[in-house]
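A quick note: this is a predicted structure, and the numbers were derived from the prediction, not measured.
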Number of protein chains: 2
Amino acid sequence: MSASEKHDVFQAIADPTRRKVLQLLAEGDLPISEITSHFSMSRTAIAKHLHILSEAELVSGRKVGREKRFRLQPEPLAELKQWLSFYDQFWDNKLSILKHVIENSGENGLKVIEKEKDTTEPS
Amino acid sequence: MSASEKHDVFQAIADPTRRKVLQLLAEGDLPISEITSHFSMSRTAIAKHLHILSEAELVSGRKVGREKRFRLQPEPLAELKQWLSFYDQFWDNKLSILKHVIENSGENGLKVIEKEKDTTEPS
DNA sequence: ATTATATAAAACCTTTTGGTTTCATGTCAA
DNA sequence: TTGACATGAAACCAAAAGGTTTTATATAAT
């Protein structure tokens, strides 16, 4: 399925089938044949999608007996999230500031309280 | 450039050139030729990328005089963000809950206060 | 040992992508 | 009105994407 460079996260999630595979694996590890049973295409096709997802490190597969079980590995989505966060400023300005605070709050965490009245409107 | 369905956001951002175009437009509206000057490919190629970005409604173009100025339209990125948020739970569990609250807080907004001591640790 | 299961790997095919070049058209400036 | 500029549109192209079928190999179960 090509001899090009490795696929990145952006390419990996571009295909709806692959997104569905990720969603499936979110519910738990599965072997190829069982993943395939959720689609109307050949096992080989799914195996190729899994290969692309592997290249992007969104899934990992380990042989167990005669089957190969795949597991979701969501860490690379962080890159996507970071990419997205850049565009918050052009878009949803009110909440983006708050979210930035949260994303950089580290292990300490935060406390959230519902506001009675808006006093910080004009940013 | 094909007779298929319209491109969606996931496909639109899959290409590095298109991501760079978005980044450029983030600094301000630009006509095609000026966008092109930032790349080492033909104007026609860039025009096609802009067309795909338009289909995904990530940019919009309006004629002004003899040029066509393009503008960033980041709203559709919300879909991507929402898609991403699903995977937070498998990954960054502590903050994902808080973020979910924020994302669903509507126009009212929230008030955020730094915590002195963690009392809600065990979720 | 035999057979059924689970996957791997290769060859092949069609459509889409991402680019090019060439030609046509509309608009601004002199 | 004559160029120069800015874009649009069409035809073409190579490679990658997304499938298929066929063949081979390893493991499990009988």
Side-chain angles (χ1 to χ4, degrees), chain A residues 1-25 28-72, chain B residues 1-25 28-72:
Chain A
M1 182 167 257
S2 89
S4 69
E5 293 293 299
K6 288 206 178 179
H7 293 83
D8 63 22
V9 184
F10 291 93
Q11 292 168 249
I13 66 158
D15 184 88
T17 300
R18 288 195 288 269
R19 289 199 297 276
K20 202 174 163 192
V21 168
L22 291 180
Q23 191 184 308
L24 264 175
L25 292 179
D29 300 8
L30 290 175
I32 299 187
S33 42
E34 210 167 316
I35 297 173
T36 304
S37 73
H38 292 271
F39 295 87
S40 51
M41 67 179 76
S42 70
R43 179 190 52 74
T44 314
I46 296 295
K48 286 182 184 178
H49 281 304
L50 285 167
H51 184 248
I52 290 174
L53 289 169
S54 280
E55 283 185 338
E57 296 185 279
L58 283 166
V59 304
S60 64
R62 52 185 253 276
K63 287 171 300 145
V64 51
R66 61 180 155 184
E67 57 184 28
K68 186 167 183 181
R69 300 189 76 81
F70 278 86
R71 164 169 307 187
L72 178 66
Chain B
M1 181 165 254
S2 90
S4 69
E5 292 294 299
K6 287 204 179 180
H7 293 82
D8 63 22
V9 184
F10 291 93
Q11 294 168 247
I13 66 159
D15 184 87
T17 300
R18 286 193 292 268
R19 290 199 298 276
K20 201 174 163 192
V21 168
L22 291 180
Q23 192 185 307
L24 263 175
L25 292 179
D29 300 8
L30 289 176
I32 300 189
S33 42
E34 210 167 318
I35 297 174
T36 303
S37 73
H38 291 271
F39 296 86
S40 49
M41 68 179 76
S42 70
R43 179 192 51 78
T44 314
I46 295 295
K48 287 181 184 177
H49 282 303
L50 285 167
H51 185 247
I52 290 174
L53 289 169
S54 281
E55 282 184 338
E57 297 184 277
L58 283 166
V59 304
S60 65
R62 51 185 254 276
K63 285 173 299 143
V64 51
R66 62 180 156 183
E67 57 184 29
K68 186 164 182 183
R69 303 189 73 82
F70 279 86
R71 163 167 308 187
L72 178 65

Original post:
Are more than 12 heavy atoms from other residues, nucleotides or ligands located less than 6.0 Å from atom CD of E57(A)?
Top reply: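 Check fails, neighbour count at 12 or below.
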Original post:
More than 12 foreign heavy atoms under 6.0 Å from NE2 of H38(B): is that the case here?
Top reply: yes
**OP:** Taking all non-hydrogen atoms of both residues into account, name the closest pair between F70(A) and V59(A) and its distance.
**Re:** CD2-CG2, 3.8 Å
Original post:
Any idea which heavy atoms bring S42(A) and T36(A) closest together, and the distance?
Top reply: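 Here S42(A) and T36(A) meet closest at C-CG2, 4.0 Å.
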Original post:
Is there a donor and acceptor pair, one atom on the side chain of K63(B) and one on the base of dT27(C), closer than 3.5 Å?
Top reply: no
For atom [atom1] of [X] and atom [atom2] of [N], their distance in whole Å:
X	N	atom1	atom2	result
E55(A)	dA16(D)	CD	P	13 Å
H49(A)	dG18(D)	NE2	C1'	6 Å
L50(B)	dG18(C)	CG	C1'	14 Å
D8(A)	dA17(D)	CG	P	11 Å
F39(B)	dG19(C)	CZ	P	10 Å
L30(A)	dT7(C)	CG	C1'	16 Å
I52(B)	dT16(C)	CD1	P	13 Å
H51(B)	dT16(C)	NE2	P	15 Å

Would you indicate which nucleotide in [options] comes nearest to any side-chain atom of [X]?
X	options	answer
K68(B)	dG8(D), dA8(C), dG18(D)	dG8(D)
H7(B)	dT20(C), dG19(D), dT17(C)	dT17(C)
R43(A)	dG18(D), dT7(C), dT20(C)	dT7(C)
E67(A)	dG19(C), dC5(D), dA6(C)	dA6(C)
S42(B)	dT20(C), dT17(C), dA29(C)	dT20(C)
I32(A)	dT20(C), dT7(D), dA8(C)	dA8(C)

Original post:
If we only count heavy atoms from C-beta on, is the I32(B) to R43(B) side-chain gap below 4.5 Å?
Top reply: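 Yes, their side chains come closer than 4.5 Å.
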Original post:
Under 4.0 Å between a side-chain N/O of S33(A) and OP1 or OP2 of dT7(C), yes or no?
Top reply: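 For dT7(C), OP1 or OP2 has a side-chain N or O of S33(A) closer than 4.0 Å.
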**OP:** Report yes if at least one side-chain N or O of Q11(B) is closer than 4.0 Å to OP1 or OP2 of dT16(C); otherwise report no.
**Re:**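 The answer is no; no side-chain N or O of Q11(B) sits under 4.0 Å from OP1 or OP2.
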Subject >> Earlier contact from the 5' end, DNA chain C, for T44(A) and R66(A) >> reply: R66(A)
**OP:** Identify whether any heavy atom of R18(B) sits under 4.0 Å from a base atom; if not, whether one sits that close to sugar-phosphate; answer base, sugar-phosphate or nothing.
**Re:** sugar-phosphate
Original post:
When all nucleic acid strands are considered with a 4.0 Å heavy-atom cut-off, which category describes E34(B): base, sugar-phosphate, or nothing?
Top reply: nothing
